[in-house]
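Worksheet: the structure to be examined is printed underneath.
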There are 2 protein chains.
Amino acid sequence: MKQPTNTPNHFEHLLDQHHLKKTAPRLKVLSMMADKETATSQPDLESLMNDVDRVTLYRILNVFEEKGIIHKVFDLNGTANYAICTSNCQEHRHHDEHLHFNCTQCNNVYCLNDLNLPAFDLPPGFKVNGFTLYATGLCPDCSKKQN
Amino acid sequence: MKQPTNTPNHFEHLLDQHHLKKTAPRLKVLSMMADKETATSQPDLESLMNDVDRVTLYRILNVFEEKGIIHKVFDLNGTANYAICTSNCQEHRHHDEHLHFNCTQCNNVYCLNDLNLPAFDLPPGFKVNGFTLYATGLCPDCSKKQN
DNA sequence: TAATCAAATGCAACACAATTGCATTTGAAT
DNA sequence: ATTCAAATGCAATTGTGTTGCATTTGATTA
């Protein structure tokens, strides 16, 4: 029996798990990011959270990232984008070893989790902790519109 | 017979090739970035170029990137880092399909060009233009100091 | 080598992202 | 209901990057 991952109940459970108080701003951030196929940019989040102070949003994003609830990825413009981690993320040790696809047209960042990445080699001396494959190009939507 | 890639002469040639005027600030940017194993962060560049206006630096970095002379990579903090492209880069079409390694200790970004990346698959509909593998962990230097 | 002119630089001002310190509020525990 | 650390809100600041315009400079050509 699978747990639902995008219900208000799940969000409260998530905050409990990480010993974080269940506050309105935090629950709002989670619900804003859920149900989105793509990561949410900081500017988008800020306008979505219009009744919440900017500083509060930054602090929420920071704790969420530290706790492994969300992860951050920078798009082609250097803008921070945030997405809820699907699984395997722990405090101070993310396992977001998936593919980030950044569309050059709509600028959306897709987190393609179900892709298993191939192994790769590093020169001696480098100790890898985590990695992501970052690809750019056209997403399905923009690819269609192109024709 | 191989051409040297980090001499003042080579830099002038590089600017000629891309129809850019050989100016003092531009040559300085190139010499600052050359001979470095790692990419140079924007803040570092700015303090190294202390006699050059900030705006000029930004404009130089932008044309160099457009022309394919350098490429930009964001580190874990979202700070822009710049490195001279080794080869294969053309205007508006970079081929920086190499590994970027970001050390979590010293924050240095290594561009490991000689590594050939494995192939990977994408869900249908995505049209890939370019990609980089972005890894985090400890670089050889920090890895040594750790023990 | 002097004149010319677009290209490049410098300066002032601005826009936006992100942080810090401190006062106030609030969720959870007693 | 009371309490208190945790979380939020507010004011101010720092840092990154951009825009418009005046000035300077490198390459061209006379």
Side-chain angles (χ1 to χ4, degrees), chain A residues 8-9 11-32 39-67 69-82 91 107 109, chain B residues 8-9 11-32 39-67 69-82 91 107 109:
Chain A
N9 267 346
F11 297 149
E12 300 200 2
H13 185 71
L14 204 55
L15 294 178
D16 269 342
Q17 272 187 307
H18 293 96
H19 313 294
L20 296 171
K21 284 189 187 174
K22 290 168 258 177
T23 66
R26 284 175 177 167
L27 291 169
K28 188 165 184 181
V29 166
L30 289 174
S31 76
M32 285 306 172
T40 315
S41 73
Q42 187 281 329
D44 281 359
L45 266 177
E46 195 169 314
S47 61
L48 288 168
M49 304 282 299
N50 48 1
D51 56 332
V52 173
D53 192 80
R54 283 166 35 78
V55 179
T56 301
L57 175 56
Y58 280 112
R59 286 195 271 235
I60 289 174
L61 293 173
N62 283 339
V63 277
F64 280 8
E65 202 192 0
E66 278 168 25
K67 299 287 186 178
I69 298 174
I70 62 174
H71 69 270
K72 169 158 65 169
V73 54
F74 297 101
D75 65 23
L76 288 166
N77 307 313
T79 302
N81 284 247
Y82 298 90
E91 190 158 358
N107 200 44
V109 176
Chain B
N9 266 347
F11 297 150
E12 300 200 0
H13 184 70
L14 204 56
L15 294 178
D16 269 342
Q17 272 187 309
H18 293 96
H19 312 292
L20 297 171
K21 284 190 190 176
K22 290 169 258 178
T23 65
R26 284 177 177 166
L27 290 168
K28 189 164 182 180
V29 166
L30 289 174
S31 76
M32 286 305 174
T40 315
S41 73
Q42 186 280 328
D44 281 0
L45 266 177
E46 194 169 316
S47 61
L48 288 167
M49 305 281 298
N50 49 1
D51 55 332
V52 174
D53 192 80
R54 283 167 27 82
V55 179
T56 302
L57 176 56
Y58 280 111
R59 286 195 271 234
I60 288 173
L61 293 173
N62 284 337
V63 277
F64 280 9
E65 202 192 359
E66 278 167 26
K67 298 286 188 179
I69 297 174
I70 62 174
H71 69 270
K72 168 156 65 167
V73 53
F74 296 102
D75 65 23
L76 288 166
N77 307 312
T79 302
N81 284 247
Y82 298 90
E91 190 157 357
N107 200 43
V109 175

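Proteins come first, then strands; the chains are lettered A, B, ... in the order of their sequence lines, and each starts at number 1.
- Between the P atom of dA6(D) and the CD1 atom of I60(A) lies a distance of 16 Å, rounded to the nearest Å.
- For the pair L20(B) and D51(A), both in contact range of DNA chain D, the more 5′-proximal nearest nucleotide belongs to D51(A).
- Between Y58(B) and E46(B) the shortest side-chain heavy-atom distance falls below 4.5 Å.
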Candidate pair Q17(A) and K67(A), rule side chain to side chain contact (heavy atoms under 4.5 Å, CB included), full reasoning: CA-CA 10 Å; Q17(A) 272 187 307; K67(A) 299 287 186 178; over 6 Å; no
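- Whole-Å rounding puts the D16(B) CG to dA7(C) P distance at 16 Å.
- When rounded to the nearest whole Å, the span between CZ of F74(B) and P of dA17(C) equals 14 Å.
- Spacing between atom NE2 of H19(A) and atom C1' of dA7(D) amounts to 17 Å, rounded to whole angstrom units.
- Between atom CG of residue D53(A) and atom CG of residue L57(A) there is a gap of 9.0 Å, rounded to the nearest 0.5 Å.
- The structure places CZ of F74(B) at 11.0 Å from CD of Q42(B), a figure rounded to the nearest 0.5 Å.
- Residue R54(A) places none of its side-chain N or O atoms closer than 4.0 Å to OP1 or OP2 of dA18(C).
- Rounded to a whole Å, the CG atom of N77(A) is 11 Å from the P atom of dG17(D).
- A residue-by-residue look at G78(B) and K22(B) shows that G78(B) has its nearest nucleotide of DNA chain D further toward the 5' end.
- Residue Y58(B) has its side chain nearest to dT18(D) when only dA28(C), dG10(C), dT18(D) are considered.
- As rounded to whole Å, 13 Å separates atom P of dT16(D) from atom NZ of K72(B).
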Residues V29(B), I70(B); criterion side chain to side chain contact (heavy atoms under 4.5 Å, CB included); working and verdict: CA-CA 11 Å; V29(B) 166; I70(B) 62 174; 5.9 Å; no
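- In this structure, N81(B) places its CG atom 10 Å from P of dG17(D), rounding to the nearest Å.
- Both V55(A) and E46(A) sit near DNA chain C, but only E46(A) has its closest nucleotide nearer the 5' end.
- Taking 4.0 angstrom as the limit, N62(B) places a side-chain polar atom (N or O) nearer than this to OP1 or OP2 of dT18(D).
- Contact annotation: T79(A) does not reach the phosphate of dA17(C) (side-chain N/O to OP1 or OP2, under 4.0 Å).
- Dashed line: the shortest gap from a side-chain N or O of R59(B) to OP1 or OP2 of dA8(C) is not under 4.0 Å.
- Residue K21(B) is the one, among K21(B) and D53(B), whose nearest nucleotide of DNA chain C lies closer to the 5' end (criterion: closest heavy atom).
- The phosphate of dG9(D) (OP1 or OP2) has a side-chain N or O of T56(A) nearer than 4.0 angstrom.
- Atoms CG (L61(B)) and C1' (dT16(D)) sit 12 Å apart, rounded to a whole Å.
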